[in-house]
Amino acid sequence: MPLPPLTVPANVPEQIKTICAFCGASEGRDPAYAEHAEEVTKALAARYDLTYGGGSIGMMGRIARIMLDHGRHVRAVVPMPLLIHGSKQIATTVDVVPDMHARKKAMYNHSDAFLAFPGGFGTAEEMLEMITWNQLNVHSKPIILINTKGYFDPFVKWVDLMVEEQFLKEGNKGIFVVCNTADEVLEALDTYKAPTSRAGLDWNVTKLEK
């Protein structure tokens, strides 16, 4: 049975107040990654508060420090095993959660939009889960990919292949927006609309109708 068409978009933010940053515990090989992240984050700090996955090193630490230095509220969501291992937090508020699943749910709950900076497996997994939730109408929040040095170009090509091979509706490519500059990021956050090609599932249903 095909999924129902979208009629009522779920969880459309009335106003973007807090952004969630998906980013790595490394700054990458090229200093350009950190420099571009700093430029984008300073632009974001003029408007938004931050939720992130905790930590004080790599892109995570750099982005959190910049937001705090600009007087923004920063929420770190850290799993207990990482905290026990010695993870340090750069934050106004620290939420300790039991596991990685709870971490993503908490980050989702405390954010109005999601930004994926260049990173590794963890960044990719968080980004793809929010894209999938958007596709299934769990939410309609903006998802922005920070395309430093064309970092996400291979991902875009993969998505194009999904469409070509009919594993993905072409309209659903619009679930995420690829941005190359800080100005593009701000504009995307201002103008984002989740595509109407998404599934029209209702996630408030708790039981089957007889």
Exercise. Does the side chain of Leu145 reach to within under 4.5 Å of the side chain of Phe22, using non-hydrogen atoms?
Worked result: no
Do Arg75 and Thr18 have side-chain N/O donor and acceptor atoms under 3.5 Å apart?
no
Rounded to the nearest 0.5 angstrom, the CG-CD1 distance for Leu189 and Ile143 is 11.5 Å
Worksheet item: What do the steps show when you test Lys193 against Val12 for side-chain contact (heavy atoms from CB on, under 4.5 Å), and what is the final call?
Response: CA-CA 9 Å; Lys193 291 184 179 179; Val12 180; over 6 Å; no
Side-chain heavy-atom pair Phe176, Met130 within 4.5 angstrom cut-off: no
Query raised in the report: Can you hop from Val74 to Val96 via hydrophobic side chains spaced under 4.5 Å?
Result: no
- prompt: Sub-3.5 Å donor-acceptor pair from the side chain of Arg198 to the main-chain atoms of Asn134, do we have one?
  reply: yes
Does any non-hydrogen side-chain atom of Pro13 lie less than 4.5 Å from one of Pro142?
-> yes
Value for CD1 (Ile90) from CG (Leu50), rounded to nearest 0.5 Å, stands at 10.5 Å
Original post:
What about Ile146 and Ile66, same hydrophobic cluster or not, with Ile/Leu/Val/Met/Phe/Trp/Tyr joined at side-chain heavy-atom distances under 4.5 Å?
Top reply: no
Exercise. Cut-off 3.5 Å, side chains only: do Thr93 and His73 have a donor facing an acceptor?
Worked result: yes
- Mark yes or no for whether Lys149, through its side chain, and Ala32, through its backbone, hold a donor-acceptor pair below 3.5 Å. no
Practice problem: Compute the ring centroids of Tyr52 and Phe117, then answer whether they are less than 6.0 Å apart. | Solution: no
Can you tell if the side chain of Phe155 reaches within under 4.5 Å of the side chain of Met127, non-hydrogen atoms only?
-> yes
Here the gap from Trp158 atom CH2 to Leu168 atom CG, rounded to the nearest 0.5 Å, amounts to 10.5 Å
### Message
Would a single hydrophobic cluster contain both Leu82 and Met60, if residues Ile, Leu, Val, Met, Phe, Trp and Tyr are joined by side-chain heavy-atom contacts under 4.5 Å?
### Response
no
Note to self: Strictly distance-based, threshold 3.5 Å: is any side-chain N or O of Asn147 a donor or acceptor partner for the main-chain N or O of Phe152?
What the structure shows: yes
* **Same apolar cluster (I L V M F W Y, side chains within < 4.5 Å links), Leu3/Met162** => yes
Notebook entry, point to check: With distance as the sole test, does Asn137 use its side chain to make a donor-acceptor pair with the main-chain N or O of Gly200 at under 3.5 Å?
Noted result: no
- Query: What orientation do His139 and Trp133 show, parallel under 30°, tilted 30 to 60°, or perpendicular over 60°?
  - Reply: perpendicular
Here the gap from Glu39 atom CD to Leu44 atom CG, rounded to the nearest 0.5 Å, amounts to 10.5 Å
Rounded to the nearest 0.5 Å, the CG atom of Leu161 sits from the NZ atom of Lys157 at a distance of 11.5 Å
* Is the shortest heavy-atom distance from the side chain of Ile175 to the side chain of Pro195 under 4.5 Å? -> yes
Distance col, row Thr123:OG1 vs Leu115:CG, nearest 0.5 angstrom, shows 12.0 Å
Donor-acceptor pair, distance only, cut-off 3.5 Å: does the side chain of Tyr192 make one with the backbone of Ser140?
no
Next on the checklist: Taking Cys20's backbone N and O only, do any of them form a donor-acceptor pair with His110's side chain (distance below 3.5 Å, no angle check)?
Outcome noted: no
For Val8, the hydrophobic cluster (side chain heavy atoms closer than 4.5 Å, chained through members) also holds none
Check: Taking atom CD of Glu125 as the centre, does the number of heavy atoms from other residues, nucleotides or ligands within less than 6.0 Å exceed 12?
Finding: yes
Tightest non-hydrogen contact, residues Ala34 and Met59, listed as N-CE, 3.9 Å
Can you tell me if Gln89 uses its side chain to pair, donor with acceptor, with the backbone of Gly55 under 3.5 Å? yes
| field | Joint hydrophobic cluster, Ile84 plus Val78, side-chain heavy atoms closer than 4.5 Å | value | yes
Beyond-backbone contact of Glu35 with Thr148, side-chain heavy atoms, under 4.5 angstrom = no
Is it the case that Asn11 and Tyr108 place a side-chain donor and acceptor less than 3.5 Å from each other? yes
Any donor-acceptor pair under 3.5 Å linking the side chain of Arg103 with the backbone of Val97? no
Using a 4.5 Å side-chain heavy-atom cut-off and chaining through intermediate ILVMFWY residues, the residues clustered with Met100 come out as none
What I'd like to find out is whether the side chain of Trp203 reaches to under 4.5 Å of the side chain of Leu136, using heavy atoms alone. yes
Practice problem: Would you indicate whether the side-chain heavy atoms of Met67 and Thr41 approach each other to under 4.5 Å? | Solution: yes
For Ala113, does its backbone N or O pair with a side-chain atom of Ser111 as donor and acceptor, under 3.5 Å? no
